[in-house]
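Read the structure below first, then the notes.
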Amino acid sequence: MKLRAEDVFRPGAFPEYTYISRKSSISDLSYEFRLMQAIKVSGFLTSLVGPSKMGKTILCEKVIGFENIVEISGADFEENTDFWKLVAAKAGLAYEGQFASEKKIAETSDKYTKKETFSLTKDKIIEYYKKKNLVLVIDDFHYAPKDKRMQVAQQLKDAIRRGFKAIVVSLPHRADEAIRQNADLSGRLSLINMEPWEVADLKEIAKLGFSRLEIKMEDEIAEQIAVESLSSPQLMQYICLNICTILEMSGDQDVQIGQEILETAYRYTTANFEYGDVVSLMKKGPNTRGKSRNTFLVKSGQPCDLYELIVRSIAENPPIMKLEFEDVKKRIYGMISDDCKKPTPQAIKESLAKLQELLHGREDIFKVLDWKEGVLYILDPLFLFYLRWGGGNK
């Protein structure tokens, strides 16, 4: 049976036909082997750290199996969330409830019903996970409230000693103190740092997938897509799928994939990305309370304030997920007309700090960047791709 494009390129699911195994640059061991090794060690908690949209969940599905994973997000936790109640519910267990038992009274036809309540204990939940060979995966652990992260770490410390298996997933510059710097967990951690994808590895997704579909893909084109994919295999899958959709709609799969098709596919890929409100908020910046902002004339002749310049600078070539302050400043200065006054480095730094505060005070989709210790981290590659191709930076 001939494969369909949606069978081969799967941005939101396990990519059966285009799964690429990688090795760490500091080890000759594959990430699959390292994760398998980690979860086999009794009494150890696994800490899996890697950039957003880099395939951490796909790696867990490959090694553990979809049916053996119980996934929780850090966003599921609030200050008053009962950890074990949540862990039970995600596994399909009723944490507490009522049951009724009916008895017949001897030598009469009378019956009576007795109602009793039950509540699962932590020990019973742990035993259930062990019996069913389940592994708890806590994704985006950094989204949980800080105090809650410490409480969860304490609960996990006790549970792993009893054979409970858990993996905590987080972003690299947010490798949580609650886990990695917790003295109680010292010597009980399996640490796995997933590095960003290299262009060569991302290219393999395109080459392998298009080969399966019997569509010609030039090496140079595969490399261009890989660069625009911003180290994200998910984004690479998405772009490749849209190229196939364009070819299918044209009715000619033998057409050469060139720049025009690529740029059309990039724009189509952003169609379902919901970052319009994020970009609008970033350009608007914090409330000025009636004060007018300084504007700077860009080379296109348009006046922009500093927040608009920051947004534009992030989208500049080359696409990068981690910008040193000097890179941000250079990009901003490069956009401003030569004879126009430029913002001071201190003003840029203050605006970056205010921008982060503004974004992090809202829903998770707004948490697209971190300004930390002189480095601007773009947390979401899909957001940066949207800025570049979705009209968000016009």
Side-chain angles (χ1 to χ4, degrees), residues 31-50 56-97 117-172 174-194 364:
Y31 287 118
E32 292 82 5
F33 180 87
R34 292 195 62 201
L35 184 57
M36 177 70 78
Q37 179 189 52
I39 61 176
K40 282 182 177 294
V41 181
S42 296
F44 272 59
L45 176 66
T46 301
S47 173
L48 178 60
V49 169
K56 298 185 293 295
T57 304
I58 294 296
L59 174 66
C60 291
E61 289 177 6
K62 174 72 173 177
V63 173
I64 303 164
F66 185 79
E67 66 282 357
N68 296 114
I69 292 176
V70 177
E71 188 175 356
I72 293 176
S73 169
D76 291 333
F77 291 102
E78 296 177 358
E79 294 291 352
N80 60 348
T81 300
D82 184 313
F83 176 74
W84 289 108
K85 188 173 184 177
L86 181 61
V87 170
K90 291 288 185 176
L93 285 170
Y95 186 70
E96 53 193 7
T117 61
F118 72 89
S119 180
L120 285 179
T121 63
K122 177 174 70 174
D123 290 343
K124 286 182 179 177
I125 297 169
I126 290 173
E127 285 305 313
Y128 179 83
Y129 268 70
K130 289 166 63 177
K131 182 181 177 182
K132 297 291 185 180
N133 198 27
L134 300 177
V135 179
L136 180 69
V137 176
I138 307 179
D139 203 2
D140 293 327
F141 187 55
H142 46 274
Y143 282 153
K146 186 175 180 180
D147 289 346
K148 198 67 192 176
R149 294 200 298 266
M150 297 302 294
Q151 291 175 24
V152 169
Q154 291 297 322
Q155 294 293 337
L156 288 173
K157 180 197 76 168
D158 181 60
I160 60 174
R161 289 187 306 178
R162 306 180 190 207
F164 186 78
K165 294 186 182 296
I167 300 171
V168 175
V169 181
S170 57
L171 299 179
R174 292 185 178 185
D176 293 282
E177 292 82 359
I179 298 297
R180 292 205 170 197
Q181 295 180 22
N182 188 316
D184 290 336
L185 287 169
S186 178
R188 290 183 171 273
L189 279 176
S190 294
L191 309 176
I192 302 174
N193 293 310
M194 277 187 74
D364 290 343

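- Within a 6.0 Å sphere centred on NZ of Lys130, other residues, nucleotides and ligands contribute more than 12 heavy atoms.
- In this structure, Glu127 does not pair ionically with Lys124, as no charged nitrogen and carboxylate oxygen lie closer than 4.0 Å.
- When all heavy atoms of Asp147 and Glu79 are compared, the closest pair comes out as CB-OE1, 4.0 Å.
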Evaluation steps, side chain to side chain contact (heavy atoms under 4.5 Å, CB included), between Val169 and Val137:
CA-CA 7 Å; Val169 181; Val137 176; 4.0 Å; yes

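- At least one side-chain heavy atom of Phe77 sits under 4.5 Å from a side-chain heavy atom of Ile72.
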Donor-acceptor contacts under 3.5 Å from residues 37-47 side chains, at least two apart:
unit_1, atom_1, unit_2, atom_2, d
Ser47, OG, Arg180, NE, 2.8
Ser47, OG, Arg180, NH2, 3.3

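- With rounding to the nearest 0.5 Å, the separation of CG in Leu156 from CD1 in Ile138 is 5.0 Å.
- Expressed to the nearest 0.5 Å, how far CG of Leu35 lies from CE of Met194 amounts to 9.5 Å.
- The shortest heavy-atom contact between Gly50 and Lys56 is O-NZ, 3.0 Å.
- Sorted by first and then second residue, the ring pair (Phe, Tyr, Trp, His ring centres under 6.0 Å) pairs with a member in residues 144-163 form an empty list; sequence neighbours excluded.
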For the pair Trp84 and Leu120, evaluate side chain to side chain contact (heavy atoms under 4.5 Å, CB included) and give the outcome as yes or no after the intermediate values.
CA-CA 9 Å; Trp84 289 108; Leu120 285 179; over 6 Å; no

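- Around the CD atom of Glu78, the shell of radius 6.0 Å holds no more than 12 heavy atoms that belong to other residues, nucleotides or ligands.
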Could you walk me through whether Leu48 and Cys60 pass the side chain to side chain contact (heavy atoms under 4.5 Å, CB included) check?
CA-CA 10 Å; Leu48 178 60; Cys60 291; 4.0 Å; yes

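- Proximity of Val168 to Val152: side-chain heavy atoms (C-beta onward) are nowhere separated by under 4.5 Å.
- Between Lys132 and Asn68, the closest heavy-atom pair is O-ND2, 3.7 Å.
- Annotation: the span from Lys165 atom NZ to Tyr129 atom OH amounts to 14.0 Å, rounded to 0.5 Å.
- To the nearest 0.5 Å, the span separating CZ on Phe164 from CD1 on Ile125 amounts to 8.5 Å.
- Here the shortest heavy-atom pairing between Glu71 and Lys90 reads O-CD, 3.7 Å.
- Without hydrogens or angle criteria, Arg149 side chain to Tyr143 main chain gives no donor-acceptor distance under 3.5 Å.
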Test side chain to side chain contact (heavy atoms under 4.5 Å, CB included) on Lys122 and Asp158; report intermediate values, then the result.
CA-CA 10 Å; Lys122 177 174 70 174; Asp158 181 60; 2.7 Å; yes

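- Listed by chain and number, the residues in a side-chain contact (heavy atoms from CB on, under 4.5 Å) with Gln151 are Lys148 (sequence neighbours excluded).
- In this structure, Leu86 CG and Ser73 OG are separated by 10.0 Å, a value rounded to the nearest 0.5 Å.
- Going from atom CD1 of Ile160 over to atom CG of Leu189 covers 7.0 Å, rounded to the nearest 0.5 Å.
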